[in-house]
Each structure stands twice: as structure tokens, then as C-alpha cells.
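Fair warning: this is a prediction, and the values are worked out from it, not measured in the lab. Chain naming here is simple, since letters A, B, ... match the order of the sequence lines and numbering starts at 1 in each.
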Amino acid sequence: MSAQRQLRFRALERAAGRRVLGLRRRGKYLLGELDGGLELVAHLGMTGSFRFRGEADGWQPDAYVRATFTLDDSSAASNSAVEARNLGASVLDFRDVRRFGTLAVVPAGDYRGLVTLAALGPEPLSDDFDPVRFHAALGRSRMAVKPWLLTQRPVAGVGNIYADEALWRARINPHARRVGRERSLALWTAIREVLSEAIQREGTTFRDYRMVNGESGRNADFLVAYGQAGRACRRCGTNLRKVVLGGRGTTYCPWCQRR
DNA sequence: CTAACTACCTGAACGC
DNA sequence: TGCGTTCAGGTAGTTA
């Protein structure tokens with residue numbers, strides 16, 4: 001087993017026999033509180049998904065299942081557990097084609113080695129995400145605004161899709177290193193709107209992303225920037241442009257989002 | 001400390 | 001059809 005593999009699946013065997021006391025989400029991380037002072041940390045990476053194995057759903061494990069959780073109780077008060085009961089399932093598969101996902105069991109709250117989680121910014125839809133502090137942090141950063149958002153430090157949970165969408169709404173050039181107060185407030189608002197709407201539509205599915213019951217999210221049809229290069233901007237009609245910024249594909253309107 | 005690279009994987013889409 | 005290249009929703013480790 002390579003060092004990388006060890007990083008992606010850390011001490012997972014320590015979850016065996018543990019009771020799941022609670023589940024919560026922080027940014028893109030799913031955190032399970034286990035007994036014995038342990039915590040299960042899960043991240044889907046780019047192609048990961050959790051799937052309940054059940055007859056109603058018809059899902060059967062394939063070659064891309066990297067881990068399997070056998071559950072002996074589906075009565076806990078969580079949405080996932082409700083799904084499990086509906087599907088009559090007791091086995092949860094972690095499927096991940098590209099193996100960029102992470103599963104780790106750590107002492108509760110000990111995020112050494114999970115640097116991004118340790119330095120994770122505020123939840124975007126909570127009061128902790130404050131527009132004044134957001135603007136101040138943006139002022140301290142020397143990075144271009146888009147890669148800065150992707151670090152997860154200014155705010156948790158904004159990935160490549162929602163960064164492009166939010167910057168388009170706020171009319172901010174993704175390369176910008178200085179953003180005025182009005183525009184940074186617009187970005188703060190746009191991030192919350194973009195994420196809220198995507199959550200209402202149960203996520204953005206291109207290929208791999210699936211809900212735990214196997215259904216696709218419905219947000220992909222509503223994207224106005226990400227994946228829309230060459231198409232006309234919905235505001236001004238200019239053709240959207242795609243560039244590489246910080247190693248990530250970035251689509252924006254060269255007119256509305258000019259510097 | 002921050003910021004910029006690179007590595008990690010596999011499959012789909014594309015060009016010839 | 002077949003083969004090579006490029007790209008993809010993210011993070012962690014290394015380097016400067």
C-alpha cells in the first residue's frame with residue numbers, strides 16, 4: 001500500500017464495532033461522531049458517493065466500491081438513516097472511481113493531517129459567515145479571488161462550480177486580487193444564494209455525483225457560468241470565456257466580469 | 001506564514 | 001476502429 005493510499009484511508013478499521021452517535025457536515029466534509037472519543041471523517045473528493053445497498057434501489061456494488069459499512073441499526077434520527085429504512089438497507093457502500101475521496105478515523109476533533117478541515121472557514125449559510133470579516137479577509141489575501149475561495153479558508157464548501165457561478169453573479173473577475181467593499185458584499189450574497197439554490201435542487205450532477213439513494217441532483221441545468229464557455233452571457237450576450245486559473249478550468253464573462 | 005506547484009487516480013471525450 | 005491526448009466536481013505534500 002502506497003503512502004497516498006494510507007492517507008486516503010486512515011485507520012478506518014478503528015470504526016469497526018463503534019456506535020455512530022451523530023452525523024454532521026462541515027463544508028464538504030461529513031463527520032461521524034463515534035463512541036470511544038473517535039470521529040469518522042469522510043470526503044467524497046471528485047467522484048465519491050455513498051450508496052445504500054438495498055432491493056428497492058437496485059444498487060449493487062461494483063469494482064469502484066472502496067469501503068463498505070455494515071450497519072446493524074437504521075433507527076437513528078438522521079435523514080440517511082431514514083433512507084436506509086425506506087430502502088430496507090443495512091449496508092452503506094463508499095464508491096469512488098478516481099479514489100480522490102478520503103475516509104479517516106481520528107480522535108474527535110484531531111484534524112492534524114487534514115489541513116483543509118483544520119483551517120476550514122465558516123459555514124456559508126450560518127451567521128458565522130460574516131460579510132465584514134469576509135471583506136477584511138479578502139483584503140488581506142494576495143491571491144486571485146477564485147483560487148482563494150477554493151482554499152476553503154474564507155468560507156467552507158465553495159468548489160469549482162459554485163465559485164464560477166458566484167463570481168459571475170457578483171460580476172467579479174476571477175483573477176482579481178483586489179475587490180472593493182460593494183463587490184465583496186455582492187460576492188458574499190452570491191455565495192449564499194448559489195449554494196442555497198443548489199441545495200434546494202439537491203446538488204449538481206454531471207456524471208458521478210449521486211444522492212445516497214442514487215438519484216441525480218437537478219442543479220446542472222441551472223448553471224449560467226460553469227461549463228458554459230462559448231455560450232452567450234445571460235446578462236450581456238458576450239460569449240463566455242474559459243481559461244485555466246490556479247490549475248482549474250474557469251469560465252467567466254469577459255465583459256460583465258471585466259477588471 | 002502565504003502562495004504556487006505537483007501528485008494522486010480513472011474514465012470519457014476528442015482529434016487524427 | 002484504434003490510439004494518443006486532454007480534461008474532469010479536490011485536497012495534501014513539497015517547494016520557494
Hey, does [X] reach any base, or is it just sugar-phosphate, or nothing, if we go heavy atoms under 4.0 Å?
X	answer
Y162(A)	nothing
R248(A)	base
R177(A)	sugar-phosphate
L44(A)	nothing

Go through [options] for me and flag the one nearest to the [X] side chain.
X	options	value
Y226(A)	dT10(B), dG9(C), dC8(B)	dG9(C)
Y209(A)	dG9(C), dA3(B), dC9(B)	dG9(C)
Y29(A)	dT11(C), dT10(B), dG9(C)	dT11(C)
M143(A)	dG10(C), dG11(B), dA4(B)	dA4(B)
R98(A)	dC7(C), dA12(C), dC9(B)	dC9(B)

| query | Could R177(A) and W148(A) be counted as a cation-pi pair, given that NZ or CZ must be under 6.0 Å from the ring centre and within 45° of the axis? | reply |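 No - R177(A) does not lie over the ring of W148(A) by the 6.0 Å and 45° rule.
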| Taking the six-membered ring of F222(A), is NZ or CZ of R201(A) closer than 6.0 Å to its centre and within 45° of its axis? | yes
What do you reckon, is [atom1] of [X] surrounded by more than 12 foreign heavy atoms closer than 6.0 Å?
X	atom1	value
R112(A)	CZ	no
E182(A)	CD	no
R235(A)	CZ	yes

Round to a whole Å and report the spacing from [atom1] of [X] to [atom2] of [N].
X	N	atom1	atom2	result
R140(A)	dC1(B)	CZ	P	15 Å
K146(A)	dG9(C)	NZ	C1'	11 Å
L150(A)	dA3(B)	CG	P	14 Å
N160(A)	dT11(C)	CG	C1'	13 Å
R95(A)	dG9(C)	CZ	P	18 Å
F222(A)	dG9(C)	CZ	C1'	19 Å
N219(A)	dG9(C)	CG	P	15 Å
R153(A)	dA12(C)	CZ	P	12 Å

| message | Pick the closest DNA chain B nucleotide for G247(A) and for W148(A) by heavy atoms, then say which residue is nearer the 5' end. | response |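 Going by which nucleotide is closer to the 5' end, it is W148(A).
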| field | Which residue lies more 5' along DNA chain C, comparing T116(A) with T47(A) via nearest heavy atoms | value | T47(A)
For a quick test of reading the model: is some side-chain N or O of [X] closer than 4.0 Å to OP1 or OP2 of [N]?
X	N	answer
H43(A)	dG10(C)	no
Y64(A)	dT10(B)	no
Q152(A)	dT11(C)	yes
K242(A)	dA8(C)	yes

| Between H43(A) and Y29(A), how do the two ring planes meet: parallel, tilted or perpendicular, split at 30° and 60°? | perpendicular
| Integer angstrom distance from the P of dC3(C) to that of dC9(B) |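 Comparing P positions in dC3(C) and dC9(B) gives a spacing of 25 Å.
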| query | Do F94(A) and F69(A) have ring centroids that are under 6.0 Å from one another? | reply |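 Between F94(A) and F69(A), which both carry aromatic rings, the centre distance is not below 6.0 Å.
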| request: Note every stem involving DNA chain B: at least three consecutive Watson-Crick or G-U wobble pairs, i with j then i+1 with j-1, with both distances under 3.5 Å. | output: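 DNA chain B forms these stems: B:2-8 with C:10-16, B:10-16 with C:2-8.
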| Residues in side-chain hydrogen bond (donor to acceptor under 3.5 Å, both in side chains) contact with Y64(A), at least two apart in sequence or another chain |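 For Y64(A), no residue satisfies side-chain hydrogen bond (donor to acceptor under 3.5 Å, both in side chains) once neighbours in sequence are set aside.
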| said: Quick check: do D130(A) and P122(A) have side-chain heavy atoms less than 4.5 Å from each other? | reply: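 Of all side-chain heavy-atom pairs linking P122(A) with D130(A), none is under 4.5 Å.
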| query | Has F100(A) got its ring stacked on dT11(C), by the test of a centre gap below 5.5 Å and a plane angle below 30°? | reply | no
